[in-house]
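Inspection log for the structure reproduced underneath, given as structure tokens.
Proteins come first, then strands; the chains are lettered A, B, ... in the order of their sequence lines, and each starts at number 1.
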2 protein chains.
Amino acid sequence: MKNNGSVETGCLHCNVRLSSVFNVLDQEQTQELCAHKSCAVYKKGQYVFTENGLPNGLFCINSGKIKLTTTGYDGKEQILRLVKSGDILGYRALLSNERYHCSAVTLEDASICIIDKKYFFDALAASPKLMFEVVKKMSHDLKTAEDHIVSLSQKNVRERMAEALLFLKATYGFEEDNQTLNVSLSREEIADYVGTSTESCIRLLSEFNTDKLIQLKGKKISILNLQKLIQTANIEN
Amino acid sequence: MKNNGSVETGCLHCNVRLSSVFNVLDQEQTQELCAHKSCAVYKKGQYVFTENGLPNGLFCINSGKIKLTTTGYDGKEQILRLVKSGDILGYRALLSNERYHCSAVTLEDASICIIDKKYFFDALAASPKLMFEVVKKMSHDLKTAEDHIVSLSQKNVRERMAEALLFLKATYGFEEDNQTLNVSLSREEIADYVGTSTESCIRLLSEFNTDKLIQLKGKKISILNLQKLIQTANIEN
DNA sequence: CTTTTTTTATGATTTTAATCATGTTTCTGC
DNA sequence: GCAGAAACATGATTAAAATCATAAAAAAAG
């Protein structure tokens with residue numbers, strides 16, 4: 001899959017080097033890497049890469065939110081991960097030299113760099129620190145995935161729905177009002193993360209709304225009663 | 001959590017260096033590592049490490065099968081991964097410098113080495129090749145976990161049960177008869193992997209048995225009709 | 001600024017799988 | 001070899017959530 005975004009010369013507002021895994025690089029290493037990256041702007045809903053495509057670089061999110069989804073045999077989508085500004089994207093297939101097993105779609109307009117495969121591997125080999133950062137990222141994603149497995153396996157839809165809202169809060173945080181989730185997902189997308197039907201998702205959100213756990217305004221979800229939401233999610237902390 | 005196994009001096013039949021991630025090391029590196037490992041024998045059902053424990057080394061399975069499980073809030077177990085001879089164990093928490101988030105329990109008598117944390121990290125820093133091998137292992141486990149998420153999210157219990165049997169085949173293979181799964185799990189353990197109740201697990205296995213997809217003899221499961229099992233699992237290959 | 005399409009919403013029905021209940025078989029310790 | 005415990009088995013009932021159906025609201029397209 002080719003880079004779908006429109007190229008943005010100069011890459012002035014690229015802040016990848018400041019945040020995320022690349023903060024362990026020194027100035028020289030950073031410049032070397034920057035020399036072999038290109039930045040692009042993606043509109044909401046665009047694919048950054050698609051299932052079965054071959055990776056030819058590492059994506060770094062400058063701005064924007066991205067969902068990693070895979071398609072089940074019957075066409076139903078599953079949201080596997082949610083990615084945000086400062087995160088790296090597409091590292092798994094790249095590192096294990098495989099095809100992408102999921103697609104990356106922007107949830108809003110995004111600015112994304114791609115670092116050339118060869119230079120990224122060189123940088124990894126040259127900097128064990130960088131390698132450890134990437135490993136930590138993967139380790140975190142593995143833990144998150146396994147937590148999700150336990151949740152899907154042992155919790156009912158209501159608990160998972162509450163958990164999903166807490167996950168969105170943990171991932172993207174709140175807007176300035178300190179209670180509205182800083183991400184807009186359709187009910188179907190939320191269902192695709194929770195592992196339920198769209199109808200059940202809508203029903204439960206309405207119910208949480210009625211019970212004053214959350215407040216719904218279109219796609220915007222505000223968390224009104226965090227404590228009760230945690231209780232509903234049945235989380236042990 | 002301390003090493004629960006009884007120490008086995010000499011570690012004569014240690015074959016870790018031959019298989020798995022360590023095959024990329026040269027003789028000198030292997031010897032350095034071997035000098036800082038200790039081997040132990042575990043009886044069936046023993047814990048190798050437990051949830052919330054602090055890792056102080058990397059486990060390598062010489063022989064035996066191990067399950068990685070975590071406990072849900074209501075005490076229900078979830079089997080997250082299955083580990084076999086030649087595999088490394090406990091790498092995630094070690095690499096990300098965290099506590100174990102799951103426990104490792106032997107499914108049969110096992111012989112396991114532990115490589116001292118410090119020396120393992122030194123070896124990783126010294127050998128990018130080794131690091132890449134570990135990264136590939138983690139990448140594989142992440143992919144497996146995400147496949148499991150899709151399965152739990154989108155498939156019904158019958159499909160997941162068939163899939164689990166195929167997973168067991170892929171992981172542990174067959175016995176000499178070329179059809180009996182080379183691992184013995186209780187119905188409850190299978191249920192803890194599939195994400196269902198023990199009763200449903202028993203019922204479905206009986207049904208597969210009646211339908212001649214499999215043959216049950218105590219804990220031994222033989223796959224009689226692989227093609228139909230694949231169909232039942234609804235797998236797209 | 002309408003028309004069409006998509007998304008959200010909610011009720012009714014059906015399906016799935018959990019739970020409850022009970023009995024049998026197999027394993028384990030003495 | 002026997003007693004007790006654990007694991008396996010199976011039927012009946014209940015609960016959960018999917019599906020089906022329809023409609024309102026919102027968004028997108030013309």
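The pair B:Glu108-B:Lys44 does not count as a salt bridge, with every side-chain nitrogen at least 4.0 angstrom from each carboxylate oxygen. Electrostatic pairing of A:Glu146 and B:Arg92 does not count as a salt bridge here, judged by no charged N lying under 4.0 Å from a carboxylate O. Salt bridge status for B:Glu77 with B:Lys67: present, with a side-chain N to carboxylate O gap under 4.0 Å.
With a 4.5 Å cut-off on side-chain heavy atoms, B:Leu226 and B:Leu166 count as touching.
In this structure, B:Lys137 fails the cation-pi test against B:Tyr91, since its NZ or CZ atom is not both closer than 6.0 Å to the six-membered ring centre and inside 45 degrees of the ring normal. Because its NZ or CZ atom is not both nearer than 6.0 Å to the ring centre of A:Tyr172 and within 45° of the ring axis, A:Lys84 does not count as a cation-pi partner of that residue.
Outside the 6.0 Å centre-distance limit, the rings of A:Tyr42 and A:Tyr47 are not counted as a close aromatic pair.
If you take CZ of B:Arg187 and P of D:dT10, they are 10 Å apart, rounded to a whole angstrom. The interatomic distance linking A:Met161 (CE) with D:dA17 (C1') rounds to 12 Å, in whole Å. Following rounding to the nearest Å, B:Lys155 (NZ) and C:dT16 (P) show an atom-to-atom distance of 16 Å. Per the geometry, CD belonging to A:Glu159 stands 14 Å off C1' belonging to D:dA15, to the nearest Å. Put simply, CD1 on B:Ile190 is 12 Å from C1' on D:dA7, counting in whole angstrom units. What separates NZ of B:Lys217 from P of D:dC8 is a distance of 17 Å, to the nearest Å. Atom CD of A:Glu207 is separated from atom C1' of C:dA9 by 14 Å (rounded to the nearest Å). In this entry the distance linking CD1 of B:Ile202 with P of D:dA6 reads 16 Å, nearest Å.
Both B:Leu216 and A:Asn156 lie near DNA chain D, and the one whose nearest nucleotide falls closer to the 5' end is B:Leu216. Both A:Gly218 and A:Arg158 sit near DNA chain D, but only A:Arg158 has its closest nucleotide nearer the 5' end.
Put simply, B:Ser206 has a side-chain N or O that comes within less than 4.0 Å of OP1 or OP2 on D:dT10. OP1 or OP2 of D:dC8 lies within a sub-4.0 Å distance of a side-chain N or O belonging to B:Lys219.
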Give me the distances for all protein-to-nucleotides 18-20 of chain D N/O pairs that come in under 3.5 Å?
residue : atom : partner  : partner atom : Å
D:dA18  : OP1  : A:Thr196 : OG1          : 3.0
D:dA18  : OP2  : A:Thr196 : OG1          : 2.8
D:dA18  : OP2  : A:Ser197 : OG           : 3.2
D:dA18  : OP2  : A:Ser200 : OG           : 2.5
D:dT19  : O4   : A:Arg203 : NH2          : 3.1
D:dC20  : N4   : A:Glu199 : OE2          : 3.4

